[in-house]
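Per chain, numbering begins at 1; letters A, B, ... match sequence-line order.
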There are 2 protein chains.
Amino acid sequence: MAKKNKTTIKDIANVLNISTAAVSKALHNDSRISEKTKKAVRQVAENLNYQPNHLASALRSGKSKLIGVIVPKTNSNFFSSVIHNIEEGLNTEGYNIIITQSNESYKKECANIDALLFTQVDGIIASMANETVDLAHYEKIKAAGIPLITFDRGENDLNVDYIGIDDYNSSHIIVDHLVEQGCKRIAHIGGFKRTRIYNNRIRGYIDALKKHNLPLDEELLIESNLSKEDGRLKMQDLLNLEDRPDAVYVAGDYAALGVLELLKEQNISIPDDIALVGFGNEPFTDMVSPKITSVNQHSYEIGRIAAKTFLEYKDQDQLNQTLKKNILEAELIVRASSKRK
Amino acid sequence: MAKKNKTTIKDIANVLNISTAAVSKALHNDSRISEKTKKAVRQVAENLNYQPNHLASALRSGKSKLIGVIVPKTNSNFFSSVIHNIEEGLNTEGYNIIITQSNESYKKECANIDALLFTQVDGIIASMANETVDLAHYEKIKAAGIPLITFDRGENDLNVDYIGIDDYNSSHIIVDHLVEQGCKRIAHIGGFKRTRIYNNRIRGYIDALKKHNLPLDEELLIESNLSKEDGRLKMQDLLNLEDRPDAVYVAGDYAALGVLELLKEQNISIPDDIALVGFGNEPFTDMVSPKITSVNQHSYEIGRIAAKTFLEYKDQDQLNQTLKKNILEAELIVRASSKRK
DNA sequence: TATATTTGCTTAATCGTTTAAACAAAAGTA
DNA sequence: TACTTTTGTTTAAACGATTAAGCAAATATA
């Protein structure tokens, strides 16, 4: 039934009895082609329903007009929104994006990079999996000579552009807020210390306590994988302490949700007994009861800037990337889970 | 810093003093190439860190080994999970996928199809945007001679493969369950009638009522865009009725969440005053209180089958697709919002 | 009028790979 | 021994576009 009668520039050239070179130039609006010919070419191209073969032009020009995006997961509002905004920024310039997800797996992330390089993408925008420590596979991208732009989860060592929020300062904003609500023993269920963003949040937490002359109690600083289940577990540990905290700052919304469930089950009043703050502003923070105070990570801006950053590199043939950080101020969305007054 | 010193088969050929054809065949394990040569080629390829140029081979062979996926949104658990399983099924066969999102916009969906065809994908797996009524852009895919496989939101008129759950029967299962809980006036906040899956759910709802000898009250059957906000609005309409329903079956989880919020605000007891059932089994149905009964759509199976279906077509050069439906039984996950006993 | 420049096109090479066709050498068959 | 078949390789043409270089005709300049 289906016939692959794809029209090529040769077909157009034959109809008009001109060379394929003339057709190609006419379609690219070359100044050395007469208006008359251009008009005729465009007309015939439309009549024959000509669709340029991307593979051929990409092969010849060395530009695929494809950008690879790697995210840990697409089913988070943050990443989905960043992707959407990257797309918006690149589509206008004729680029299309290939989305891949690592599912937080180091191995999958390597496979994704290989697949993207294989597809000859012109650049990669990535946020790293939690598991990722070894960066050798990212060096492959640099070796391929295409720009790499990281966001949210990046690494200083990679020496490439990075876009993210100010995690260190976010912790300050959160602790400031909790202190203002009258909290004196603020616990922190943080992410993996080795992941830069979580480490920054931890440092911010420690320094903010100091700023407010609150003692740092090592028992109140806990490392977690930030899953909902682990949030429950780590909160239970905190409840088992002789001297319970009166506030918990959790470095991820899913874990914060686990905390919320546990506290509700044990009839511990939120925020009066224990105030709760999450991170990420996932939609469900606004759906549960009480609604969870959280941090908006500006997915819109991050996507937009990532796209813009790539576009700045695109014409340079001598790629020379250095660590350029684009740090955005995070925004605390105060909701019932921490509002005592 | 970066040098694009890409190794080609020509480089390998030069090292070994053989032709590029021999190298190409050796790398493809052609039976007419001696083991000795193959071994040597593989060795040199590795030494020079040879990476095949996908564009060149795709251009020559006419196969890009890329599959396009179009979904309304990636930030839903259902679609994200389907994508993951499509990927898994195709990766093993050397295919990579390009994910695009339509954001429920007809115009974006058209742009996505154009972009995918432009990239010379070997096939497209799609779930349609809510807005989509005109199918002309899908005909483009057929005209390109590549297989099109639809899932969840498809259209009979397209005459291509379809994978989804049995929406009609799902309504039966839900109504059966609600009747069993003692509900007598069951309302249905459904999706757009013109969208096939929502239409099937409506038909199932009507027939199931009949089966249980319950009267069909037109006031209790409402069309909605199934957003959280619209769920609230439509529920308020139901509450304004003289004779209120004692159960609401909502065709989407987000709308069901809106319903839940409204009922809680008005201190209407769930499930005792009004029982609630959603659709889609989004993670938050298990996070809110009370937890929402919902329908699991088997994203795992859908993705797996979509991939398998494509692979069955891939070698046929005379593509002849017909409407082949793959209908899965849905599973009702009963939670507190509808459990009276 | 003679020369230089511009205009508008063609020719042919090229991107990196695949593959049909050709062919020599080795091995098998009668 | 003479012919056929198999083995292992090469040659060269593609895939569909882009683009440097070339060239004739038209136009501008001196």
Handout entry: Gap between atoms CD1 and P, on A/Ile12 and C/dT10 respectively (whole Å)
Key = 14 Å
Problem - Residue A/Lys25, side-chain atoms from C-beta onward, closest of D/dA17, C/dT10, C/dG16 - result: C/dT10
Exercise for the section: Specify whether B/Phe151 and B/Phe78 have parallel, tilted or perpendicular ring planes, treating 30° as the upper limit for parallel and 60° as the lower limit for perpendicular. Expected result: tilted
Exercise for the section: State whether A/Lys308 and A/Glu93 are salt-bridged, where the test is any N-O pair (Lys NZ or Arg NE/NH1/NH2 against Asp/Glu carboxylate O) under 4.0 Å. Expected result: no
Completion exercise
Closest of C/dC23, D/dA17, C/dT17 to the B/Tyr50 side chain is C/dT17
Exercise for the section: Please work out if A/His28 contacts a base, only the sugar-phosphate, or nothing of the nucleic acid, heavy-atom cut-off 4.0 Å. Expected result: sugar-phosphate
Practice task
Compare the minimum distances between each of C/dG16, C/dA22, C/dT7 and the side chain of A/Arg32, then state the nucleotide with the smallest one.
Solution key: C/dT7
Handout entry: Residue-phosphate contact under 4.0 Å: B/Ser34 side-chain N/O, D/dT9 OP1/OP2
Key = yes
Practice task
Measure from NZ or CZ of A/Arg196 to the centre of the six-membered ring of A/Tyr162 and say whether it is under 6.0 Å with the direction within 45° of the ring axis.
Solution key: yes
Exercise for the section: Please work out if A/Thr8 contacts a base, only the sugar-phosphate, or nothing of the nucleic acid, heavy-atom cut-off 4.0 Å. Expected result: sugar-phosphate
Fill in the blank from the handout: Walking DNA chain D from its 5' end, the first of B/Asn17 and B/Arg60 to be reached, judged by nearest nucleotide, is B/Asn17
Practice task
In whole angstrom, give the distance that lies between atom NZ of B/Lys10 and atom C1' of C/dT17.
Solution key: 12 Å
Exercise for the section: Can you tell me the distance, in whole Å, between the NZ atom of A/Lys39 and the P atom of C/dC9? Expected result: 14 Å
Handout entry: Touch class at under 4.0 angstrom, heavy-atom based, for B/Ser24 against every strand present
Key = base
Practice task
Remember a base hit wins even if backbone is also touched, and classify B/Ser57 as base, sugar-phosphate or nothing at under 4.0 Å, heavy atoms.
Solution key: sugar-phosphate
Handout entry: Side chain to side chain, A/Ile124 and A/Ile146, heavy atoms closer than 4.5 Å
Key = yes
Completion exercise
Separation of D/dA14 atom P from A/Ile9 atom CD1, nearest Å, is 16 Å
Exercise for the section: Grab the CG-C1' distance between A/Leu59 and C/dT14 for me, whole Å please. Expected result: 9 Å
Practice task
Tell me what B/Ile18 touches on the nucleic acid: a base, only sugar-phosphate, or nothing, going by heavy atoms under 4.0 Å.
Solution key: sugar-phosphate
Handout entry: A/Thr37 side chain near C/dC9 phosphate (N/O to OP1/OP2, under 4.0 Å)
Key = yes
Exercise for the section: Using heavy atoms to find the nearest nucleotide of DNA chain D for B/Glu35 and A/Ala22 separately, return the residue whose nucleotide is more 5′. Expected result: B/Glu35
Exercise for the section: Check B/Ile163, B/Ile197, B/Asp152, B/Val82 against B/Ser127 for a side chain to side chain contact (heavy atoms under 4.5 Å, CB included) and give me the one that passes. Expected result: B/Asp152
